[in-house]
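First comes the structure, then the notes that go with it.
Protein chains get the first letters and strands the later ones, always in sequence-line order, with residue 1 at the start of each. Hydrogens, waters and symmetry mates are skipped; everything else that's a heavy atom, side chains included, is used. Please read all numbers here as calculations on a predicted model, not as lab measurements.
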Protein chains: 2
Amino acid sequence: MQKKDRRIPEETVRRLSLYLRTLRFMENKGVQVISSERLTKHLNITGAQARKDLTYFGSFGQPGVGYNVNRLRKKIEEILGLDHSWNVILVGCGKLGAALLAYPGFRRFGFRITAAFDNNPDKVGRTIGKVPIITDQKMEEFIRKNDVKVAIITAPAEAAQEIARRLAESGISAILNFAPRYLVIPEKIQIKSVDMAMELESLVYYLKNH
Amino acid sequence: MQKKDRRIPEETVRRLSLYLRTLRFMENKGVQVISSERLTKHLNITGAQARKDLTYFGSFGQPGVGYNVNRLRKKIEEILGLDHSWNVILVGCGKLGAALLAYPGFRRFGFRITAAFDNNPDKVGRTIGKVPIITDQKMEEFIRKNDVKVAIITAPAEAAQEIARRLAESGISAILNFAPRYLVIPEKIQIKSVDMAMELESLVYYLKNH
DNA sequence: TGATGTGAATAACTTCACAGCG
DNA sequence: CGCTGTGAAGTTATTCACATCA
């Protein structure tokens with residue numbers, strides 16, 4: 001997919017996701033062609049930036065015209081690996097876990113949460129939004145049997161490291177972590193952490209200094 | 001706080017938050033002094049980077065020794081504006097909103113969610129984790145009366161823009177947005193958006209390409 | 001000796017500016 | 001004519017390397 005051995009800036013990948021959101025919105029509205037300027041108008045990104053981002057992966061536009069919305073949407077989905085669906089599991093069925101299980105945004109775009117795990121016997125056996133809650137003792141087995149590659153951790157901070165270790169050992173390749181803890185995992189596993197208190201912390205900094 | 005007119009990289013502010021997490025952890029464990037290398041060991045950040053980040057704001061370390069954990073923790077809290085507590089409101093009491101209301105991480109570090117708003121009469125009047133749910137018609141009034149400066153949006157995407165507009169008009173200075181929509185707001189208002197589907201999207205990209 | 005603080009060097013990212021093409 | 005694609009220029013961020021000080 002990616003051109004030669006050029007390194008892709010991490011920010012470029014993140015922006016691709018943003019373009020995708022706009023493209024889906026536009027496609028829904030029936031827009032067929034879009035310029036780089038219009039694509040980025042409401043994203044605090046310049047048109048030049050979008051063009052540069054896209055050329056890391058190929059030439060998808062038509063000079064003098066713009067980008068075909070449907071084609072570019074599909075291209076970006078292909079680049080990101082969203083052209084097929086992903087089996088995802090979620091570990092930790094507290095309030096945040098339950099909220100994510102019910103979140104429509106995942107399912108809509110190719111992420112299918114197939115099972116949730118918890119160590120609380122009261123929760124095991126129930127379902128949240130059609131997703132069954134399974135005892136965490138069966139987690140490894142489930143991962144192997146169903147070839148799961150992506151996991152979301154919504155367990156308490158104290159439990160997160162041990163869960164991550166077990167996930168890594170069972171063959172998970174990517175983790176989205178919501179526990180406010182740095183997780184030590186093998187290099188080859190992709191991880192991204194979302195720490196909501198941290199987001200607020202950097203936000204208020206700018207309150208003082210602007 | 002900030003030295004002269006030097007511009008602070010956005011990433012520096014974000015890292016400050018990370019250092020803070022480590023420092024709090026270390027302080028709890030009774031560690032009194034820490035080197036830049038140890039501070040960043042589990043953060044994928046180099047010691048040099050941390051030292052550079054910190055010198056934007058002053059000289060807090062002792063050559064040959066390191067940083068006093070307690071002193072540096074307080075300094076960073078002061079830099080970020082966490083040396084006093086912030087009144088925060090939350091708008092949209094769906095599952096995610098409810099999860100955040102119950103999230104202990106906010107309260108622990110100086111963020112006090114004082115009220116939640118919703119337009120659903122069935123929810124209004126109830127409380128979630130001691131936070132009262134108020135009709136969104138009284139939102140503006142509440143913000144003004146209580147001098148609220150920070151708001152969290154956990155409403156559906158369709159409603160987010162209108163809510164943001166109303167928040168902006170009532171004098172809110174910072175918004176943490178969980179709705180997957182770009183929000184148009186006055187320049188002077190700080191905004192940070194967390195889009196969980198987007199996080200997953202960029203995560204799976206690296207699955208394909210590493 | 002050991003770790004900070006910091007200019008200088010390097011690397012990474014973004015913007016500019018325009019040739020080229022439909 | 002308008003907009004893409006892209007080298008070149010400009011800007012910003014990170015790493016290096018070492019003087020300095022306890």
Send over the distance from [X] [atom1] to [N] [atom2], rounded to a whole Å.
X     : N      : atom1 : atom2 : value
A/F60 : D/dC3  : CZ    : C1'   : 17 Å
A/L54 : C/dT14 : CG    : C1'   : 15 Å
B/F57 : C/dT6  : CZ    : P     : 14 Å

Which pairs would a plain distance check flag for residues 79-106 of chain A, meaning a side-chain donor or acceptor within less than 3.5 Å of a matching protein atom at least two apart in sequence or in another chain?
residue : atom : partner : partner atom : Å
A/W86   : NE1  : A/G81   : O            : 2.8
A/N87   : OD1  : A/R112  : NE           : 3.4
A/N87   : OD1  : A/R112  : NH2          : 2.8

Specify the closest pair of heavy atoms between [X] and [Y], including all atoms of both residues, with the distance to one decimal.
X      : Y      : answer
A/D136 : A/N119 : OD1-CB, 3.5 Å
A/R181 : A/A157 : CG-O, 3.7 Å
A/I143 : A/S170 : CG2-O, 3.5 Å
A/V150 : B/V204 : CG2-CG1, 4.2 Å
B/Q161 : B/V184 : OE1-N, 2.8 Å

Q: Check whether more than 12 heavy atoms from other residues, nucleotides or ligands sit under 6.0 Å from atom CD of B/E10, and answer yes or no.
A: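 No, CD of B/E10 has 12 or fewer neighbouring heavy atoms, counting only those of other groups under 6.0 Å.
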Q) Any side-chain N or O of B/Y67 under 4.0 Å from OP1/OP2 of C/dG2? A)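 Looking at the OP1 and OP2 atoms of C/dG2, neither is under 4.0 Å from any side-chain N or O of B/Y67.
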**Q.** Where at least one partner belongs to residues 33-42 of chain B, residue pairs that pass side chain to side chain donor-acceptor pair (under 3.5 Å), sequence neighbours excluded
**A.**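 Passing the test, one end in residues 33-42 of chain B: B/S36-B/R51.
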When you compare the protein's N or O atoms with those of nucleotides 18-22 of chain D, which come within less than 3.5 Å of each other, and at what distance?
residue : atom : partner : partner atom : Å
D/dA22  : O3'  : B/Q62   : NE2          : 3.3

Q | salt bridge (charged side-chain N to carboxylate O under 4.0 Å, His left out) partner of B/E141, chosen from B/R144, B/K145, B/K138 | A |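 The option that passes is B/K145.
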Under-3.5 Å N/O pairs linking protein and nucleotides 11-14 of chain D:
residue : atom : partner : partner atom : Å
D/dT14  : OP1  : B/R15   : NH1          : 3.0
D/dT14  : OP2  : B/R15   : NH2          : 2.9
D/dT14  : O5'  : B/Q49   : OE1          : 3.2

Q. Residues from residues 18-37 of chain A sitting under 4.0 Å of DNA chain C, heavy atoms only?
A.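 The answer is none.
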Q. Residues two or more places apart in sequence or in another chain: which of them pass ring-ring contact (aromatic ring centres under 6.0 Å, His included) with A/Y67?
A.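 Result, ring-ring contact (aromatic ring centres under 6.0 Å, His included) vs A/Y67: none returned.
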